[in-house]
Amino acid sequence: GVGIWQARLTGALFCFLTLAVCLELGSLLIGRKAALAGSIMLLLCPGFLIMGKLLLLDSMITLFTVTGILTGFLAIRQTKLHKTWWTLCAFICGLGILTKGPIALVLIGVPLFIACLLDSRFARLKLTSIDGKS
């Protein structure tokens, strides 16, 4: 049957998954201990906990944004673009667009683009046509 706890389970699940993705992203960027501390701080934020209990799509867009940034970072972290991670990043960005509109593209694409511009260790993103020409 449909009850209150079944409806709120999805928001809580998305918040839990967001914590796990934040821990993984933080581990890649700054180390495991600092990532654990950051994830615990996120868990202690009242706004994050309240959004997990409400029947809103905010916890879903948060998960898609953080996961999109993680997969995008995994795609560009070497000097050559890793296309499997990049495709997964695009898919997750599409899920974010379906959830809340084009804000997902802004929240995922702009930080990755700026990271590529500022750090020469990351892969350079280029726009190409279908036939492979720039």
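Keep in mind that the numbers below use all heavy atoms, side chains included, and drop hydrogens, waters and symmetry copies. Just so we're clear, the structure is a prediction, and the values are computed from it rather than from any experiment.
Taken to the nearest 0.5 Å, the CD1 atom of I61 stands 10.5 Å off from the CZ atom of F14. Rounding to the nearest 0.5 angstrom, the gap separating the CD1 atom in I103 from the OG1 atom in T65 is 8.5 Å. Here F64 contributes atom CZ and I69 contributes atom CD1; the two are 14.0 Å apart, rounded to the nearest 0.5 Å. For the atom pair CG of L81 and SG of C116, the computed distance is 8.0 Å after rounding to the nearest 0.5 Å. Here the CG-CG distance, from L23 to L28, works out to 10.0 Å after rounding to the nearest 0.5 Å. T79 contributes atom OG1, which lies 12.0 Å from atom CZ of R121 (distance to the nearest 0.5 angstrom).
Hydrophobic cluster membership differs between L9 and L17, with clusters built from Ile, Leu, Val, Met, Phe, Trp and Tyr side chains linked at under 4.5 angstrom. The cluster map of Ile, Leu, Val, Met, Phe, Trp and Tyr, joined by side-chain heavy atoms under 4.5 Å apart, puts L70 and I30 in the same cluster. Residues I97 and L107 do not share a hydrophobic cluster, clusters being chains of Ile/Leu/Val/Met/Phe/Trp/Tyr side chains in contact below 4.5 Å. Neither V21 nor L19 shares a network with the other; the hydrophobic side chains, linked directly or stepwise wherever heavy atoms of I, L, V, M, F, W or Y lie under 4.5 Å apart, form separate groups for each. L13 is not connected to M51 by any chain of hydrophobic side-chain contacts under 4.5 Å among Ile, Leu, Val, Met, Phe, Trp and Tyr, and they are in different clusters.
Scanning all heavy atoms of the two residues, the minimum distance from K80 to A123 falls at C-CB, 3.7 Å. Considering all non-hydrogen atoms of both residues, G96 and A104 come closest at C-CB, 3.4 Å. The shortest non-hydrogen separation linking R8 to K53 is NH1-O, 3.0 Å. The two residues A35 and S27 have their closest heavy-atom pair at CB-N, 3.3 Å.
Side chains of L74 and H82 form no contact here, defined as non-hydrogen atoms less than 4.5 Å apart. Between C89 and I108, the closest side-chain pair of non-hydrogen atoms falls below 4.5 Å. Between L112 and W86 there is a side-chain heavy-atom pair separated by less than 4.5 Å. Looking at V106 and P102, their side chains never come closer than 4.5 Å, going by heavy atoms from C-beta outward. Counting heavy atoms from C-beta on, the side chains of F73 and L29 come closer than 4.5 Å. The shortest side-chain heavy-atom distance between L95 and M60 does not fall under the 4.5 Å cut-off. The side-chain heavy atoms of L88 and I92, taken from C-beta on, include a pair separated by under 4.5 Å.
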**Report entry** Full working for side-chain contact (heavy atoms from CB on, under 4.5 Å) between F122 and L117
**Finding:** CA-CA 9 Å; F122 294 143; L117 286 178; over 6 Å; no
Report task. Could you go through the side-chain contact (heavy atoms from CB on, under 4.5 Å) check for I76 and W85 one step at a time? Result -> CA-CA 9 Å; I76 65 171; W85 285 114; over 6 Å; no
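Residue L44 qualifies as enclosed at atom CG: its count of foreign heavy atoms under 6.0 Å is above 12.
The side-chain hydrogen bond (donor to acceptor under 3.5 Å, both in side chains) check on T87 picks up nothing, with sequence neighbours excluded.
In this structure, S39 contributes its side chain and L36 its backbone to no donor-acceptor pair below 3.5 Å.
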